[in-house]
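Below is one structure; the comments refer to it alone.
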Amino acid sequence: MIDLIFPDGSKREFEAGVTGRQVAASIAISLAKRAVLIKLDGELLDVDRALEKGGKFEILARDTPEALETIRHDISHILAEAVQELFPGTQVTIGPAIEDGFYYDFARDEPFSLDDLVKIEERMKQIVDRDEPIVREVWKRDEAIAHFKSIGEHYKAEIIEGIPAGEDVTVYRQGQWKDLCRGPHLPSTKAAGKAFKLTKLAGAYWRGDHRNPMLQRIYGTAWASEKDLEDYLHRLEEAEKRDHRKIGRAMDLFHMQEEGKGMVFWHDKGLTLWRIIESYVRRRLDAAGYVEVRTPQVLDRVFWEKSGHWEKYRPNMFVCETEEGEELSLKPMNCPGHVQIFKFGQKSYRDLPLRMAEFGACHRYEPSGALHGLMRVRAFTQDDAHIFCREDQIEEETANFIELATSIHSDFGLERDHIALATRPEVRAGSDEFWDKAEAQMLAAARKAGVEPVIAEGDGAFYAPKLDFVLKDAIGRTWVCGTIQLDYVLPERLDAEYVGEDGQKHRPVMLHRAICGSLERFIGVLIENFAGAFPLWLAPTQVVVATITSDADEFALKAAAALRAAGLRVETDLRNEKINYKVREHSLAKVPVIAVVGRREAEEGKLALRRLGSDGQQILTLAEAANSLASEANPPDIARQRRASAEASGVREPG
RNA sequence: GCCGCCUUAGCUCAGCCGGUAGAGCGACGCAUUCGUAAUGCGUAGGUCAGGUGUUCGAGUCACCUAGGCGGCACCA
């Protein structure tokens with residue numbers, strides 16, 4: 001007999017060998033019908049699996065997250081079955097559930113086509129209709145290897161060969177088709193449902209290693225219901241509309257072209273956005289006690305040899321030669337330059353922490369396949385800084401940085417999803433003791449700032465752990481913006497030192513940190529976050545003064561001048577077009593405020609303000625409009641200052 | 001870099017079985033002065049990404065190159 005403990009805490013005895021479905025039936029027939037999986041002591045099992053031991057027991061229906069993942073996994077198997085039916089000779093490899101769906105990797109000489117995808121999808125639906133029972137079988141490891149080899153499934157055989165000898169393996173059978181799989185699965189192909197769609201064809205290396213052969217991966221999405229599927233496809237469409245490459249062109253922010261792969265041509269509107277961001281960040285850094293520097297763009301090879309980049313990073317560096325035979329490299333990063341400034345003259349412990357910032361233009365030769373709009377480029381500007389400090393200052397500096405970065409991200413409307421602590425990678429410099437210490441320091445600093453980081457195992461830089469800021473945008477997608485990395489290595493390599501209280505020379509520690517990451521990428525993220533509809537303080541064009549008739553031209557020009565004098569970025573639209581047309585055009589261009597001027601406004605000296613996304617209007621005098629828009633257009637840090645000083649002066653006032 | 005797909009007017013896209021280039025938007029011109037998301041008419045605009053080949057004939061077929069897109073690998 002075995003004891004099963006139900007979620008409500010009640011306990012019941014069952015015969016050993018009872019199945020989840022039988023247990024469910026003992027409670028209610030309807031429950032047995034709905035049951036697709038069970039959970040025993042946290043482990044997911046097939047609903048028809050004979051239970052050999054007792055424990056905490058839960059019956060899962062189709063609408064649970066666990067079932068959804070299993071549905072996706074089932075459908076990847078159905079995909080593999082369909083592919084092998086339609087394309088005999090294709091070898092299967094692996095096919096897991098992933099976020100929003102699943103994929104399956106196949107080995108086949110002939111590439112699949114998009115038309116094949118349609119056929120495969122039809123066949124998959126037939127397999128679901130066939131209602132093939134999905135049955136778990138336990139095989140001897142060696143028999144399984146022999147079996148899969150005999151049917152020409154060499155990748156499968158290789159996978160099983162990785163399983164320790166003597167262990168049994170499980171094989172799931174659906175109809176005539178079998179696959180090595182740990183499970184669990186739903187009871188039959190019908191249970192997987194038809195709320196799925198094959199989405200893309202892609203290449204992927206066997207076992208994720210570029211030295212291995214390339215397989216063909218078929219991606220799909222799968223959901224518990226048709227409605228969820230539709231919602232997902234709709235979300236995809238919405239995300240596509242936000243694509244920064246599309247919006248960047250539509251809003252005339254930037255462009256890229258063939259001759260400058262991975263390089264951005266910033267147009268005036270895009271650069272306006274850039275300048276706003278840069279000056280905002282610069283103000284925040286000034287206020288946080290940073291100094292700003294600028295270091296050379298191109299430096300002699302000798303320099304990079306000393307820093308270690310020539311050896312480690314050479315393939316990613318843009319190198320050039322001069323007539324005189326010098327070999328130079330564009331800087332791929334700013335750190336070695338900053339160390340030179342630190343080393344210039346003598347530094348004392350009194351100078352620490354020294355927070356050295358640079359909006360540093362860097363060039364990296366990224367593989368062509370990695371380039372992606374503004375998100376991954378070859379020429380970019382980091383909002384970089386290095387904090388030179390003593391070891392006992394690491395914690396406080398890191399905690400302060402977390403606060404600063406958090407505040408800046410939230411000013412840009414980006415919510416934090418989590419902070420990741422990236423720990424020691426497999427290939428690394430330094431002893432385990434060093435890593436224990438460094439990881440503990442970063443963890444303590446995060447906690448000091450009130451943050452519990454999510455551990456990202458093995459994601460650290462080769463020289464030290466780091467904290468990465470994972471932000472969430474308006475539609476829930478996450479982006480990594482901002483990082484802080486602890487570095488004991490570079491100060492050592494480049495021989496940076498300061499004189500301590502004891503009069504002796506000491507090695508400083510370096511904290512590499514960025515808040516936006518690269519300005520290019522950050523602007524890309526902002527474009528997608530706001531779908532181009534920037535808040536007033538960021539909008540490249542804040543106000544368009546649009547006339548209804550040419551009688552209002554003179555006043556419109558006067559109004560535009562007055563708004564500009566109040567510090568706003570203003571354009572005029574005096575074209576001989578209907579106001580409907582102008583409103584539509586500027587709305588599509590995501591201009592936050594359209595100031596409409598007709599004969600009436602011109603006579604009364606007023607503006608009719610129309611906000612993007614609303615059809616109401618606000619009639620204000622020119623002076624009122626200039627005042628209220630100008631104050632609304634203040635960057636968040638300046639707005640806070642104004643509020644604070646207003647409050648301070650308010651306190652002093654009597655009464 | 002690797003696998004697959006794509007590249008036609010400024011933009012978005014049609015173009016069948018190979019027969020010599022189309023639309024909408026935009027631009028420009030004219031008319032229109034019209035109160036909150038598209039006024040009408042007209043005009044111009046193309047070495048069909050580049051190259052080589054097959055063919056009487058190539059936007060269309062084949063091959064090569066480049067760029068883009070989707071993944072993979074990469075992102076010290």
Side-chain angles (χ1 to χ4, degrees), chain A residues 103 105-106 108 110-117 199-219 240 243 245-246 249-250 252 255-262 307-317 332-333 335 364-373 375-378 380 425 427-429 459-464 466 480 483 485 487 489-490 512 517-518 521 546-553 574-589 594-601 608-617:
Chain A
Y103 66 78
D105 285 347
F106 298 98
R108 176 176 182 247
E110 183 110 343
F112 292 117
S113 71
L114 287 169
D115 293 338
D116 293 338
L117 241 46
T199 51
K200 349 176 218 218
L201 268 173
Y205 297 104
W206 165 236
R207 299 205 144 147
D209 189 327
H210 68 277
R211 288 162 303 192
N212 286 340
M214 185 153 269
L215 306 171
Q216 297 188 62
R217 176 170 297 179
I218 297 178
Y219 280 96
E240 240 169 73
D243 191 312
R245 295 164 297 192
K246 272 190 193 162
R249 176 165 40 218
D252 196 17
H255 85 270
M256 298 168 102
Q257 62 191 48
E258 245 179 76
E259 300 83 353
K261 231 195 319 183
S307 74
H309 290 98
W310 196 263
E311 186 201 345
K312 293 241 177 213
Y313 206 67
R314 177 65 231 277
N316 291 291
M317 289 161 67
M333 52 202 66
C335 357
R364 295 182 189 174
Y365 180 77
E366 302 284 3
S368 57
L371 303 176
H372 179 88
M375 301 303 185
R376 189 94 177 263
V377 288
R378 285 179 170 171
F380 56 96
V427 183
R428 59 179 179 258
D459 270 356
F462 84 93
Y463 50 81
K466 57 178 181 173
V480 182
T483 183
Q485 310 178 0
D487 185 2
V489 175
L490 207 58
H512 306 246
S518 93
R521 184 167 178 283
T547 51
I548 295 173
T549 76
S550 52
D551 294 342
D553 285 3
L574 309 185
R575 291 174 305 170
N576 176 13
E577 295 289 352
K578 293 190 167 179
I579 193 62
N580 284 329
Y581 181 86
K582 294 185 183 183
V583 165
R584 175 179 156 83
E585 193 166 278
H586 300 303
S587 298
L588 288 173
I594 302 173
V596 176
V597 182
R599 199 169 288 139
R600 203 155 60 224
E601 286 76 14
L609 302 185
R610 184 190 206 277
R611 301 291 176 145
L612 180 60
S614 83
D615 46 10
Q617 47 184 320

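Side chains are part of it too, since the values below use all heavy atoms of this structure and drop only hydrogens, waters and symmetry mates. Everything numeric here is computed off the predicted structure, so don't read it as measured data. Letters A, B, ... mirror the listed sequences (proteins, then strands); counts begin at 1.
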Among the nucleotides B:A37, B:G35, B:C72, which one has an atom lying closest to any side-chain atom of A:Q617?
B:G35
Just to be sure I understand the rule, does A:I579 reach a base, reach only the sugar-phosphate, or reach nothing, if contact means heavy atoms closer than 4.0 Å?
sugar-phosphate
Please work out if A:A370 contacts a base, only the sugar-phosphate, or nothing of the nucleic acid, heavy-atom cut-off 4.0 Å.
base
Please determine whether a side-chain nitrogen or oxygen atom of A:R245 lies at a distance below 4.0 Å from atom OP1 or OP2 of B:G70.
yes
Is there a side-chain contact (heavy atoms from CB on, under 4.5 Å) between A:F380 and A:R364? Walk through the geometry before answering.
CA-CA 8 Å; A:F380 56 96; A:R364 295 182 189 174; 3.5 Å; yes
Whole-angstrom distance between B:G59 and B:C13, as gauged at atom C1':
15 Å
Just checking A:P111: base, sugar-phosphate only, or nothing, at a heavy-atom cut-off of under 4.0 Å?
sugar-phosphate
Main-chain N/O of A:P425 paired to A:R428 side chain as donor or acceptor, under 3.5 Å:
yes
Ignoring backbone atoms, establish whether A:R249 has a side-chain N or O less than 4.0 Å from OP1 or OP2 of B:U12.
yes
Can you tell me the Watson-Crick or wobble partner of B:G67, both distances under 3.5 angstrom?
B:C6
Rounded to whole angstrom, note down the P distance from B:G26 over to B:A38.
12 Å
Candidates B:A38, B:G71, B:C74 - which lies nearest the side chain of A:A202
B:G71
Less than 4.0 angstrom between a side-chain N/O of A:H372 and OP1 or OP2 of B:G70, yes or no?
yes
For the side chain of A:N580, starting at C-beta, report the closest nucleotide among B:G35, B:A37, B:G4.
B:A37
When you compare B:C69 with B:C30, how far apart are their P atoms, in angstrom units rounded to a whole number?
41 Å
Which whole number of Å gives the distance between the C1' atom of B:G51 and that of B:U7?
15 Å
For atom C1', what is the distance between B:G15 and B:G24, given to the nearest Å?
15 Å
From the set B:C72, B:G70, B:C34, return the single nucleotide nearest to any side-chain atom of A:Y205.
B:C72
Within the structure shown, what part of the strands sits under 4.0 Å from A:K200 by heavy-atom distance: base, sugar-phosphate, or nothing?
sugar-phosphate
For A:Q216, report the nucleic acid contact type (base, sugar-phosphate, nothing); a contact means any heavy atom under 4.0 Å.
nothing
Please determine, for the side chain of A:V596, which listed nucleotide (B:G35, B:G1, B:A37) has the closest atom?
B:G35
Rounded P spacing from B:G19 to B:A58 in Å:
11 Å
By nearest-heavy-atom nucleotide on RNA chain B, the more 5' of A:A461 and A:Y219 is A:Y219
Residue A:D615 excluded, over 12 heavy atoms near CG under 6.0 Å
no
Heavy atoms under 4.0 Å, any strand shown: does A:L588 hit a base, just sugar-phosphate, or nothing?
base
Within the pair A:R217 and B:G70, is there a side-chain N or O less than 4.0 Å away from OP1 or OP2?
no
Contact nearer the 5' end of RNA chain B, comparing A:S368 with A:Q485:
A:S368
Should A:R376 be listed as having a side-chain N or O under 4.0 Å from OP1 or OP2 of B:C74?
no
A:R584 side chain, from C-beta outward: closest of B:A38, B:C34, B:C72
B:A38
Using a 4.5 Å cut-off on heavy atoms from C-beta on, say whether the side chain of A:I218 contacts that of A:L201.
yes
Using the C1' atom as the reference point in each nucleotide, state the distance between B:U60 and B:U54 in Å, no decimals.
14 Å
Respond yes when some side-chain nitrogen or oxygen of A:R314 is under 4.0 Å from OP1 or OP2 of B:A76, and no when none is.
no
Just confirming the chi classification of B:C5, syn or anti, using 90° around 0 as the syn window.
anti
Any strand, both distances under 3.5 Å, Watson-Crick or G-U wobble: B:A62 pairs with B:U52
Give one of base, sugar-phosphate or nothing for A:G616, where a contact means two heavy atoms less than 4.0 Å apart.
nothing
Which protein N or O atoms sit under 3.5 Å from an N or O of nucleotides 61-66 of chain B?
residue	atom	partner	partner atom	Å
B:A66	O2'	A:E258	OE1	3.4

Sequence neighbours excluded, which residues qualify as side-chain hydrogen bond (donor to acceptor under 3.5 Å, both in side chains) partners of A:E577?
none
A:F112 and A:F106 aromatic ring geometry - parallel, tilted or perpendicular at 30°/60° bounds
perpendicular
Do A:K261 and A:L371 have side chains that get closer than 4.5 Å, going by heavy atoms?
yes
Can you check the distance between B:C75 and B:C25, where both ends of the measurement are the C1' atom (answer in whole Å)?
40 Å
Taking only side-chain N and O atoms of A:Y581, does any of them lie within less than 4.0 angstrom of OP1 or OP2 on B:G26?
yes
Counting only side-chain N and O atoms of A:Y103, is one of them less than 4.0 Å from OP1 or OP2 of B:C72?
no
If you look at every strand shown and take non-hydrogen atoms under 4.0 Å, does A:A546 touch a base, only sugar-phosphate, or nothing?
nothing
Once rounded to the nearest 0.5 Å, what's the spacing between atom CE of A:M317 and atom CE of A:M333?
8.0 Å
